[in-house]
There are 2 protein chains.
Amino acid sequence: MPELPFTLDQLRILKAIAAQGSFKKAADILYVTQPAVSLQIQNLEKQLEITIFDRGGRKALLTEAGTLLLEYCERILNQCDEACKAIEDLNSLKGGTLVIGASQTTGTYLMPRMIGLFRQKYPEVSVQLQVHSTRRTGWSVANGQIDLAIIGGQLPGDLENLLQVIPYATDELALVLPAKHPLSNKKELLKEDLYKLNFVTLDSQSTTRKVVDKLLKDSGLDIQRLKIEMELNSLEAIKNAVQSGLGASFLPVVSIERELDAGTINKVSIADLEVKRELKLITNPSRYTSKASEVFKKNILPQFASLESPLRHIEI
Amino acid sequence: MPELPFTLDQLRILKAIAAQGSFKKAADILYVTQPAVSLQIQNLEKQLEITIFDRGGRKALLTEAGTLLLEYCERILNQCDEACKAIEDLNSLKGGTLVIGASQTTGTYLMPRMIGLFRQKYPEVSVQLQVHSTRRTGWSVANGQIDLAIIGGQLPGDLENLLQVIPYATDELALVLPAKHPLSNKKELLKEDLYKLNFVTLDSQSTTRKVVDKLLKDSGLDIQRLKIEMELNSLEAIKNAVQSGLGASFLPVVSIERELDAGTINKVSIADLEVKRELKLITNPSRYTSKASEVFKKNILPQFASLESPLRHIEI
DNA sequence: TATTTGAATAACTAAAATTTATGGAGATTC
DNA sequence: GAATCTCCATAAATTTTAGTTATTCAAATA
């Protein structure tokens with residue numbers, strides 16, 4: 001090893017002697033014996049080819065070279081202390097960045113609340129939320145750009161194996177109708193009733209739309225026969241459209257809590273049909289997990305998870 | 001020992017890995033084996049309770065904590081390098097201060113030339129010249145305020161034992177007369193001729209004056225009978241007085257070289273009387289000797305020493 | 001002069017880093 | 001897609017380094 005001419009311990013000893021004015025006192029405050037101190041200083045002097053202390057008199061006095069070295073010594077040790085503090089802060093979540101990925105729905109309605117809770121507990125950790133498609137989010141988690149993400153759609157097969165996918169919550173996609181719609185006060189609709197409705201939907205590329213289409217098809221409905229009034233690319237826009245009486249839609253319940261409370265939208269169930277999807281937590285097990293990420297997973301997510309979620313019971 | 005959470009070697013390894021992107025390459029550069037690098041990083045990670053490198057992919061990538069640590073790491077190592085350079089400079093006489101003591105005469109006529117030569121060789125060492133009485137110079141050497149000094153007088157007894165005193169050169173105190181003085185073209189004066197002269201002398205406290213008085217008295221002269229025209233406290237003033245024809249004086253030859261060449265002053269020898277004193281080099285053997293001081297003693301002083309000086313022959 | 005105090009030294013012990021040798025996991029090559 | 005290559009981790013043994021106890025030495029104090 002192409003050696004450095006000194007060690008941090010030697011610098012610490014140097015500093016202590018300079019402060020105490022004595023090898024013995026320095027040894028005492030460093031909790032070592034006096035010879036240990038003597039030897040280390042001798043090594044230091046040998047390696048730097050200088051004399052550091054004048055051991056003549058009552059006190060150990062710094063020579064010119066010693067004074068020079070002490071200046072650097074103090075700077076170096078201060079930097080070390082700072083480094084330690086910074087690392088401690090990072091460990092105790094007083095710093096760092098947590099990057100969270102989410103799809104449109106969770107990113108808009110779920111994440112803000114979660115992140116709010118997290119930031120309340122750990123205000124010094126900055127959190128970044130990236131809302132992307134399921135596919136892109138998956139890739140970002142895979143290559144470490146995102147620490148953890150919640151997705152509602154299906155991952156491409158290769159990613160599915162690479163990443164850790166944990167069922168997190170069930171998101172109901174409820175059929176919602178304008179408050180004044182003739183069918184909106186019925187207790188339960190029949191599947192066939194859907195053909196009578198005009199739909200306002202997300203555009204056909206969106207994950208949520210795909211999920212809904214698939215579920216309806218799987219339940220035996222002919223989705224070609226469903227009348228689509230218009231396709232919009234924003235849940236908020238759809239909500240407004242529904243509230244304005246333009247049509248019906250399948251929307252995540254998390255996105256319409258306020259409207260249901262206000263009664264401006266009605267949610268109607270359908271016989272023999274549950275439009276639900278699994279929200280899944282994805283992480284990259286082969287990558288470094290930051291403390292912030294761990295804490296978010298362990299402490300924040302479970303509070304918002306549905307009862308069946310493994311996160312409720314399992315230590316992750 | 002209340003330990004530091006890392007060593008400089010660990011930081012060096014961290015830096016190398018970050019630069020090379022690989023444990024193995026870092027090991028090669030540092031001339032150690034790969035396991036040594038791995039283990040040190042593992043220790044570092046354990047002690048700081050962080051993960052520093054992401055060993056997943058092709059390259060070893062820094063984690064967030066690793067990036068943070070690296071910043072401090074570079075700063076710390078830079079400071080270390082600087083410290084080394086500063087010490088090297090000091091060792092190779094590219095810095096530091098040399099404090100030289102001298103009495104009036106040597107300080108005025110000898111030292112400037114010596115220091116000039118020294119500064120020519122080692123321009124980065126700053127030199128400080130302190131002109132004081134022999135006694136005060138002795139004390140300053142004793143307590144380390146002066147690295148080395150040349151004195152012409154006698155040290156107090158206690159200091160004489162404490163310090164190292166090396167005969168350095170012989171300083172002739174020549175009798176000088178105004179160029180136009182009636183006796184000035186005589187080859188040699190008799191002691192009795194001195195009673196006919198008017199003297200311009202240094203004040204009676206000065207070392208040189210004391211030395212001259214003692215030597216004259218020792219040679220059998222009655223110094224009370226010598227006529228003293230005036231006492232001045234500066235050799236230059238005396239020289240001017242002599243040149244102006246105000247009287248004679250005993251002056252160190254080193255101080256009148258130019259005037260002798262110019263013929264404005266005549267130097268006259270006296271039968272059976274040599275007014276000479278030993279110039280002595282004094283140092284403090286129980287104190288740290290700076291490189292600059294060593295070099296001055298070994299390389300500069302001998303060039304100005306008289307032939308009999310031990311400095312010519314003896315390794316100090 | 002005797003005593004005390006602080007630092008140096010020596011011999012021994014404990015701890016730490018380094019090496020050699022080996023195993024495993026992910027890329028690379030044919 | 002099996003074989004190979006690279007790179008990192010691990011284990012055991014070795015060397016190096018740091019630390020301790022016991023003692024000596026020198027200077028300062030009383």
Side-chain angles (χ1 to χ4, degrees), chain A residues 1-14 16-18 20-47 51-63 66 142-144 158 161-162 284-288, chain B residues 1-14 16-18 20-47 51-63 66 142-144 158 161-162 284-288:
Chain A
M1 189 102 122
E3 315 199 347
L4 281 167
F6 47 78
T7 69
L8 286 177
D9 278 331
Q10 287 171 339
L11 296 187
R12 265 171 15 103
I13 292 173
L14 164 61
I17 300 175
Q20 300 296 319
S22 142
F23 282 43
K24 184 161 178 33
K25 284 179 193 159
D28 291 344
I29 58 171
L30 293 172
Y31 301 106
V32 287
T33 54
Q34 169 264 315
V37 170
S38 282
L39 289 173
Q40 283 303 332
I41 293 298
Q42 283 173 33
N43 289 342
L44 191 53
E45 291 184 322
K46 221 173 287 171
Q47 293 193 287
T51 307
I52 297 174
F53 287 103
D54 231 331
R55 286 94 150 166
R58 191 112 204 80
K59 277 196 185 181
L61 288 172
L62 283 168
T63 63
N143 64 28
D158 48 348
N161 300 323
L162 193 60
N284 187 338
S286 64
R287 287 229 166 232
Y288 159 69
Chain B
M1 190 103 121
E3 316 200 347
L4 281 166
F6 48 76
T7 68
L8 286 177
D9 278 331
Q10 287 171 340
L11 296 187
R12 262 169 19 101
I13 293 172
L14 163 61
I17 299 174
Q20 300 298 318
S22 142
F23 282 43
K24 183 161 179 30
K25 283 180 193 160
D28 291 343
I29 284 191
L30 296 171
Y31 301 106
V32 288
T33 55
Q34 169 264 315
V37 170
S38 283
L39 290 172
Q40 282 304 331
I41 293 298
Q42 282 173 34
N43 289 342
L44 190 53
E45 291 183 324
K46 220 174 288 170
Q47 293 192 287
T51 307
I52 297 174
F53 288 103
D54 231 329
R55 286 96 151 163
R58 189 109 208 79
K59 278 193 183 183
L61 288 172
L62 283 168
T63 62
N143 64 27
D158 48 347
N161 300 323
L162 194 59
N284 187 337
S286 64
R287 287 232 166 228
Y288 160 69

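Side chains included, hydrogens not; waters and symmetry mates left out as well; all remaining heavy atoms used. Keep in mind it's a predicted model, so treat the numbers as computed, not measured. Just so it is clear: chains get the letters A, B, ... in the order the sequence lines come, proteins before strands, and each one is counted from 1.
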Atom pair CD1/CZ of I13(B) and F23(B) - distance to nearest 0.5 Å: 10.0 Å

Is the phosphate of dA9(D) approached by R55(B) (side-chain N or O, under 4.0 Å from OP1 or OP2)? yes

Between P of dA8(C) and CD1 of I52(A), the distance in whole Å: 12 Å

I13(A) CD1 to dA18(D) P: how many Å, rounded? 10 Å

Donor-acceptor pair, distance only, cut-off 3.5 Å: does the side chain of N284(A) make one with the backbone of G144(A)? no

Taking atom P of dC7(D) as reference, at what distance in whole Å does atom CG of D54(B) sit? 17 Å

Does any residue of residues 37-45 of chain B have a heavy atom under 4.0 Å from DNA chain C, and if so, which ones, in number order? L39(B), Q40(B), N43(B)

Nearest-Å distance, CG (D28(A)) to C1' (dT5(C))? 13 Å

Within the pair S22(A) and dA7(C), is there a side-chain N or O less than 4.0 Å away from OP1 or OP2? yes

Check the distance between dA15(C)'s P and D9(A)'s CG and give it to me in whole angstrom. 16 Å

Between CG of D28(A) and OG1 of T33(A), what distance do you get to the nearest 0.5 Å? 10.0 Å

Between C1' on dT19(C) and CD on Q34(B), what's the gap in Å once rounded to a whole number? 12 Å

Side chains of L61(B) and F53(B): does their closest heavy-atom pair fall under 4.5 Å? no

Checking T63(B) side chain against T51(B) main chain: does a donor-acceptor pair fall under 3.5 Å? yes

Quick check on side-chain hydrogen bond (donor to acceptor under 3.5 Å, both in side chains): which of Q34(A), Q40(A), Q42(A) does S38(A) satisfy it with? Q34(A)

Residue whose closest nucleotide on DNA chain D lies nearer the 5' end, K25(B) versus P35(B): K25(B)

In plain terms, say whether D9(B) and R12(B) are close enough for a salt bridge, that is, a side-chain N and a carboxylate O under 4.0 Å apart. yes

Rounded to whole Å, the NZ-C1' distance (K24(B) to dT6(D)) equals 9 Å

How close or far is atom P of dA16(C) from atom NZ of K46(B), stated in whole angstroms? 12 Å

